[in-house]
> 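Take a look at the following structure, please.
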There are 2 protein chains.
Amino acid sequence: MDQSEKLHGHGTVGAGSRRSDAVAAELVRMIETGGLQEGERLPAERDLMQRYGVSRAAVREAIVSLANRGLIETRLGHRPIVRKPDYEIAVDKVGNLVGHLMVDRKGVWNLFETRIFMEVGLARWAAKHARRDDLEELRAALDGNREAIGNSVLFDETDAAFHAVLYQIPGNPIYPAIHKAYVEWLTQHWRSMKRGAGIDQMNYAGHEAILEAILARDPDNAEEAMRRHLVAAWEFVRSTFPSDN
Amino acid sequence: MDQSEKLHGHGTVGAGSRRSDAVAAELVRMIETGGLQEGERLPAERDLMQRYGVSRAAVREAIVSLANRGLIETRLGHRPIVRKPDYEIAVDKVGNLVGHLMVDRKGVWNLFETRIFMEVGLARWAAKHARRDDLEELRAALDGNREAIGNSVLFDETDAAFHAVLYQIPGNPIYPAIHKAYVEWLTQHWRSMKRGAGIDQMNYAGHEAILEAILARDPDNAEEAMRRHLVAAWEFVRSTFPSDN
DNA sequence: GGTGGATTTTGGTCGGACCATATGGTACTT
DNA sequence: AAGTACCATATGGTCCGACCAAAATCCACC
């Protein structure tokens, strides 16, 4: 079966499909079936344009499309490079959209609520299934967090790191990707927030309570500690919204 | 402040940025700031090309980009329509990437495991917070499910509907979007799966046990019932994979 | 006032041309 | 001989003008 000659016609399209979409689909197929390996370079635009019998514009639009989906990486003067998307990239791409959904407080709350849901579940999981080295990592992260009290920027980092350990315990690469996304999306909403010194202490205490419950292998307490911690955090995010209707 | 004249130069770009990206960013800004309302039509390509002083190709690539992100909807011969993305579209977009990550059994398992995690949490939530009408909806969904036993396609529908109710109970629009995504992603992997009549009965029994635990306001039992149900379901998905390494 | 065809709009495509950047080879310098 | 500056080539990025096809609009006609 020829894969050229299939898209010919010079501007005369029977169906309502775009040429660039057809080219894009063809390229995707080639990537998925392994014709193009990870890291390999895509054929040149002038190459593809001849191979598929379409104009360069069509090829370019197809390439733009693939690039937007994260399947390839384009640099100027460079042939596009095939990038098999991992979970982080996938979540990243959607993040771009989620930004539009967080314009009002309701949108941010919806997202934050899913975070509470996730982390409550993770806390339960950790309490039930965490291995010894997971617990050690948690403790190390907590120590780092305590030492960062007072240093806002460093505290936020160690804060995120502590939560990150929880996302990593189940061993499913999707969870860390989700955590990364949460941090990116929600950070903008409290980065602008000035806070007193007591806040760090409160947050640290929250982390401590969570770890204690996990160490005690008590899912219910871990859940409750996590929920309290995050609800308190939300109160601050919430306060950054002007109209408190 | 002028928003034209800002992208001029005929092929002479100082930085390594694409013209189309600049145009795309400008359009996004216009949509976000409310300059273009939901449902409104984007200016014509020939309009934008004059307004921003770029070629039509650049405008088109920008439009392709926005369309890929789900911010606009393009039809042939029609001006693009602004579509404020909702959570479903956002999750949908990422779904098309996730498809590439489910080529092997490990990828599918990772995804399925997050589903177990989600639904276990949702079962707990329902047991703790479901209101009376939520419970009635669950029972109605379960009844529909029971009546569909034996009719494979209808059973799958009512099966999904039963789980959908759980996703909808917390009242956060993100959860139903996630459920929709799960159904779309995972369905392909068991649609091809032939099954005996006993399977429906087993799955229905699972749903029944879940609902009973929820009605009894017993989160632990609800969790356990849900986990058993989904782990059993996984055994079937798993069996569809040829190489059982 | 409704209806159907002609006109206008508008997206989709093409082809050729030029510019900007990255790469690699070559000739020149040291 | 080694290093460097420079030029040719490959390749992506952009522009222009044109044409086609589908949708939208207008208008004459009934």
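The basis for the numbers below is simple: all heavy atoms, side chains too, and nothing from hydrogens, waters or symmetry mates. Here is the naming used below: chain letters follow the sequence lines, and residue numbers restart at 1 for every chain.
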> Please give, in whole Å, the distance from dG16(C) P to Q50(A) CD?
11 Å

> Listed by chain and number, what are the salt bridge (charged side-chain N to carboxylate O under 4.0 Å, His left out) partners of E119(A), not counting sequence neighbours?
R115(A)

> Would you mind listing every salt bridge (Lys or Arg N to Asp or Glu O under 4.0 Å) that reaches into residues 70-81 of chain B, with sequence neighbours excluded?
E73(B)-R83(B)

> With each end axis built from five pairs of C1' atoms, what bend angle do you get for the helix from dG1(C)-dC30(D) to dT30(C)-dA1(D)? Round to 10°.
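Helix axis angle between the two ends: 10°.
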
> Counting just side-chain N and O atoms, does R18(A) come under 4.0 Å of either OP1 or OP2 of dG11(C)?
no

> Hey, could you give me each pair passing salt bridge (Lys or Arg N to Asp or Glu O under 4.0 Å) that has a residue in residues 157-167 of chain B? Not counting sequence neighbours.
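Listed by first then second residue: nothing to list.
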
> E184(B): what forms a side chain to side chain donor-acceptor pair (under 3.5 Å) with it, not counting sequence neighbours?
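Expected list: K180(B).
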
> Among all residues two or more places apart in sequence or in another chain, which pass the ring-ring contact (aromatic ring centres under 6.0 Å, His included) test with Y87(A)?
none

> Mind checking what makes side chain to side chain donor-acceptor pair (under 3.5 Å) contact with E147(A), not counting sequence neighbours?
none

> Please tell me which of the listed nucleotides, dG11(C), dC15(D), dC14(C), lies nearest to the side chain of A57(B)?
dC15(D)

> Tabulate atom names and distances for all N/O pairs under 3.5 angstrom spanning the protein and nucleotides 22-26 of chain C.
unit_1	atom_1	unit_2	atom_2	d
dT23(C)	OP1	H78(A)	NE2	3.1

> Tell me the interatomic distance from Y52(B), atom OH, to dC15(D), atom C1', rounded to whole angstroms.
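Rounded to whole Å, this separation is 19 Å.
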
> Given atom CZ of R19(A) and atom C1' of dT13(C), what is their separation to the nearest angstrom?
7 Å

> In whole angstroms, how far is the P atom of dA24(D) from the CZ atom of R46(B)?
16 Å

> When you get a sec, tell me which of dT14(D), dT13(C), dT10(C) is the closest nucleotide to the side chain of E61(B)?
dT14(D)

> Is there a donor N/O on one and an acceptor N/O on the other, under 3.5 Å, for the side chain of R56(B) and the base of dG12(C)?
yes

> Just jot down the salt bridge (charged side-chain N to carboxylate O under 4.0 Å, His left out) partners of R69(A), sequence neighbours excluded, or say none.
none

> Counting the benzene-type ring for Trp, do Y182(B) and F112(B) have ring centres under 6.0 Å apart?
no

